[in-house]
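Okay, so here's the structure we're looking at.
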Amino acid sequence: MAYARTSDGIRVHYEVLGRASAPPVLMIQGLGADKHGWDMQRYVFAAKYRVIALDNRGAGRSDKPFGHYSLEQMADDAIAVLDACGVDSAHVIGASMGGAISQIVAVKYPERVRSLTLVCTACRNHPWRRELLEGLDLDDADMVDVPAAFEGDLDAALASSRQLGLEGVVAKRASSPYRSTRSRDWLKMKSDPEADFAICGYTPPKGSRNGIGALHWIEPELVVQVRYREWPVDSALRFPVFVRLRPDKTPHECGMPLRHTGEGGGDGEGDLAAVFDEPVVDDRPAIVPDPDLFDPVTDPVDDTDPGRLPDASALEVDAPIRELRLTRLHKVFWPEEQITKGELIEYYRAVAPAILPYLKDRPTVLTRYPDGITGEMFFQKDMPGWIPPWLRTTTLWSEHSQREIHYVLVDDADGLAYVANLGSIPIHCWASRTTSLEKPDWAIVDLDPKNAPREWVVPLALAIHALCDDVKLPNYVKTSGQSGLHVLIPLGGQCTFEQARTLAYLIGLLVERQHPDMATTNRNPAARGGRVYLDWGQNAHGQLLVAPYSVRPVAGAPVSMPLEWPEVVPDLDPKVFHLRNALARIAARAHDPCLPVLDERPDLAAALVELERHAKDG
DNA sequence: GAGGCAG
DNA sequence: CTGCCTCAACGCTCC
DNA sequence: GGAGCG
């Protein structure tokens with residue numbers, strides 16, 4: 001999400017989707033736009049056009065259309081955004097009040113407008129719209145509903161959405177407003193594919209089920225139509241649903257249907273060109289999602305073995321469905337590298353086997369960046385009631401806020417994908433587990449160079465390593481993901497946070513004494529004087545660790561990477577491990593060098609005696 | 001990112 | 001019917 | 001006691 005600043009300091013948010021070479025479309029979201037339907041349009045259009053979407057929700061607190069921020073000013077802002085995108089002229093689509101702005105754009109800057117489309121279903125009876133139409137001497141007939149492009153051709157609309165990897169399309173009554181709850185007026189039309197299959201067998205019904213239970217092996221005779229979510233290569237259908245018998249078909253007519261690849265039958269179906277007054281000539285593949293990236297339609301949502309044979313349970317009708325809805329996969333989270341939210345989700349799903357051992361049973365805090373690394377962020381500890389029922393949480397009492405907090409526990413790849421879909425970039429977890437919340441599994445010394453020379457971090461980390469080895473404390477190292485290093489010492493839940501903090505402080509003090517020129521344990525930034533801060537203070541109740549393999553919300557999408565100590569050499573550059581190459585490194589190694597930190601139980605009393613000896617000797 | 005709710 | 005709000009927190013030091 | 005720090 002980029003933004004332009006207007007002359008009076010109001011921020012105008014906009015988003016650019018689609019290929020730069022495609023015909024440009026300026027979409028202006030107005031007060032009458034509904035959230036979901038409009039977003040859907042935005043992505044449908046991005047298949048064929050370069051969509052520049054303006055969002056006046058970020059325009060500030062005084063952006064009421066008839067307040068000091070006038071419709072005319074909004075129209076000027078729209079032109080400013082076109083300029084910022086280097087676009088001379090565009091097809092302009094306006095939603096509700098955005099339609100009003102669009103019309104002003106067309107009147108004031110006709111040379112910038114190739115065509116004008118007004119989307120007004122959402123606020124057909126809005127008094128402002130009524131006022132506007134009268135003021136501009138227009139009537140309803142001048143307004144075009146974008147969904148009308150699909151009218152009478154739901155198949156084309158569904159094919160288009162399938163081609164884009166969308167879940168489906170939303171159909172609504174023209175007169176019905178947006179409401180957050182389900183209603184008869186807003187129907188989600190899923191684009192799940194269907195195919196005809198010959199029945200080879202069935203299982204008896206279980207429990208209270210009528211008729212048949214599941215279908216599997218006998219001489220093929222009957223044909224059924226089945227809807228399914230996906231058909232993994234060499235495996236059974238996922239989420240198959242019996243639709244109807246096909247008495248009109250024989251088993252021989254059941255050829256292999258086109259596999260559901262998410263790319264549909266190619267270009268042309270669900271064509272939106274009719275909305276505009278000029279044909280679209282760019283016929284290159286119009287799929288916005290990178291085909292190498294995660295696709296919610298074709299990629300399995302669990303880790304079941306894809307090589308297994310179909311069995312009765314796989315064909316069970318109404319099998320419990322774990323819904324994992326992934327949204328806005330094309331949204332750019334790292335503008336410089338054009339890394340999308342879809343790629344972030346794909347990374348976390350792929351890295352799940354490596355990261356999950358660290359997250360098991362640990363209260364997890366989300367650090368959410370719904371608009372990517374340049375947008376606003378917020379922390380989230382308390383998970384709301386509407387999270388999917390399969391996501392495990394643990395309820396802890398917060399002394400500070402005097403209420404219960406429902407922390408999420410990330411158990412599996414789906415859980416990771418879910419939190420990533422919420423815009424969580426780094427994953428933060430507690431040092432202790434639900435089984436023993438006041439006893440941490442590790443102590444951490446965070447080497448944070450900040451204003452110190454980067455190259456001082458390595459010798460100091462090695463000094464901590466040598467000291468720990470000497471007092472027989474196991475110790476492990478990972479990059480923080482930014483410029484520092486994290487040294488982790490396993491505690492095996494044998495001591496309190498206060499004791500862990502004291503241990504980390506003692507180690508910090510001893511290393512500071514060895515290298516007073518390079519290291520400091522002083523918490524006051526002003527007193528650090530360009531030295532590396534050995535941060536021992538993160539060992540406390542509720543303090544968080546950036547989990548190994550977490551992505552950081554900074555340019556380059558670096559990840560926190562566990563290292564072998566021999567890798568900690570002077571020219572170590574923590575930035576070399578990032579979202580796009582971390583998986584290759586992990587796959588190339590047999591073991592995770594930090595993993596033992598989760599299980600080891602060193603003799604802490606003996607180590608403390610040794611540390612005291614060091615303190616005296618120094 | 002998404003539900004709740006004031007106006 | 002729309003826009004806006006909310007979404008964390010510990011232990012320490014400095015002022 | 002409140003703001004700042006990570």
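From a predicted model like this one, the values you see are computed outputs, not experimental measurements.
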| query | Rounded to the nearest 0.5 Å, what separation is found between the NE2 atom of A:His541 and the CZ atom of A:Arg501? | reply | 12.0 Å
| field | Which residues share a side chain to side chain contact (heavy atoms under 4.5 Å, CB included) with A:His515, sequence neighbours left out | value | A:Leu460, A:Ala463, A:Val511, A:Asp517, A:Met518
| task | Rounded to whole angstrom, note down the C1' distance from D:dG2 over to C:dA9. | result | 16 Å
| Are A:Glu512 and A:Thr521 linked by a side-chain donor-acceptor pair shorter than 3.5 Å? | yes
| task | Grab the CG-P distance between A:Asn421 and B:dG3 for me, whole Å please. | result | 12 Å
| message | Any carboxylate oxygen within less than 4.0 angstrom of a Lys/Arg side-chain nitrogen, looking at A:Lys575 and A:Asp573? | response | no
| request: Starting at atom CG of A:Leu366, determine the distance to atom C1' of C:dT6, rounded to an integer number of angstrom. | output: 14 Å
| Between C:dA8 and B:dG4 - P atom distance, rounded Å | 16 Å
| message | To the closest 0.5 Å, what do you measure between NZ (A:Lys478) and OG (A:Ser560)? | response | 2.5 Å
| remark: One should read off an interatomic distance between A:Leu359 CG and A:Leu409 CG, to the nearest 0.5 angstrom, of 9.5 Å
| request: Specify the separation, in whole Å, of atom CH2 of A:Trp386 and atom P of C:dC7. | output: 14 Å
| request: May I ask you to list the residues of residues 433-445 of chain A, by number, that have any heavy atom positioned under 4.0 Å from an atom of DNA chain B? | output: none
| message | Counting the atoms with a prime plus P, OP1 and OP2 as sugar-phosphate, which does A:Ile405 contact under 4.0 Å by heavy atoms, base, sugar-phosphate, or nothing? | response | sugar-phosphate
Could I get a table of every N or O pair under 3.5 Å where one atom is in the protein and the other is in nucleotides 4-6 of chain D?
from	atom 1	to	atom 2	distance (Å)
D:dG6	OP1	A:Arg528	NH1	3.4
D:dG6	O3'	A:Asp535	OD2	3.1
D:dG6	N2	A:Gln543	NE2	3.0

| request: Round to the nearest Å and state the distance from A:His406 atom NE2 to C:dC7 atom P. | output: 15 Å
| remark: A:Glu399 CD to C:dA8 C1', in whole Å, measures 15 Å
| request: Let me know the distance between CD of A:Glu404 and P of C:dC7, rounded to the nearest Å. | output: 17 Å
| request: Mind checking A:Asp382 for me? I need base, sugar-phosphate or nothing, with any heavy atom below 4.0 Å counting as a touch. | output: sugar-phosphate
| message | Can you tell me how far apart CD1 (A:Ile489) and CH2 (A:Trp442) are? Round to the nearest 0.5 Å. | response | 13.0 Å
| query | Does A:Ser398 have a side-chain nitrogen or oxygen under 4.0 Å from the phosphate oxygens OP1 or OP2 of C:dA8? | reply | no
| message | Heavy atoms within less than 4.0 Å of DNA chain B: which residues of residues 482-507 of chain A have one? Give them sorted by number. | response | none
| field | Results of side-chain hydrogen bond (donor to acceptor under 3.5 Å, both in side chains) for A:Tyr418 - residues two or more places apart only | value | none
| task | Please assess A:Val551 against A:Tyr347 for the test side chain to side chain contact (heavy atoms under 4.5 Å, CB included), listing each intermediate value before the final yes or no. | result | CA-CA 9 Å; A:Val551 189; A:Tyr347 168 78; 3.5 Å; yes
Residues 427-435 of chain A side chain polar contacts: donor-acceptor under 3.5 Å, at least two apart:
from	atom 1	to	atom 2	distance (Å)
A:Ser432	OG	A:Leu437	O	2.7
A:Arg433	NE	A:Asp441	OD2	3.0
A:Arg433	NH2	A:Asp441	OD1	2.9

| A:Asp371 bridged to A:Lys331 by N-O distance under 4.0 Å | yes
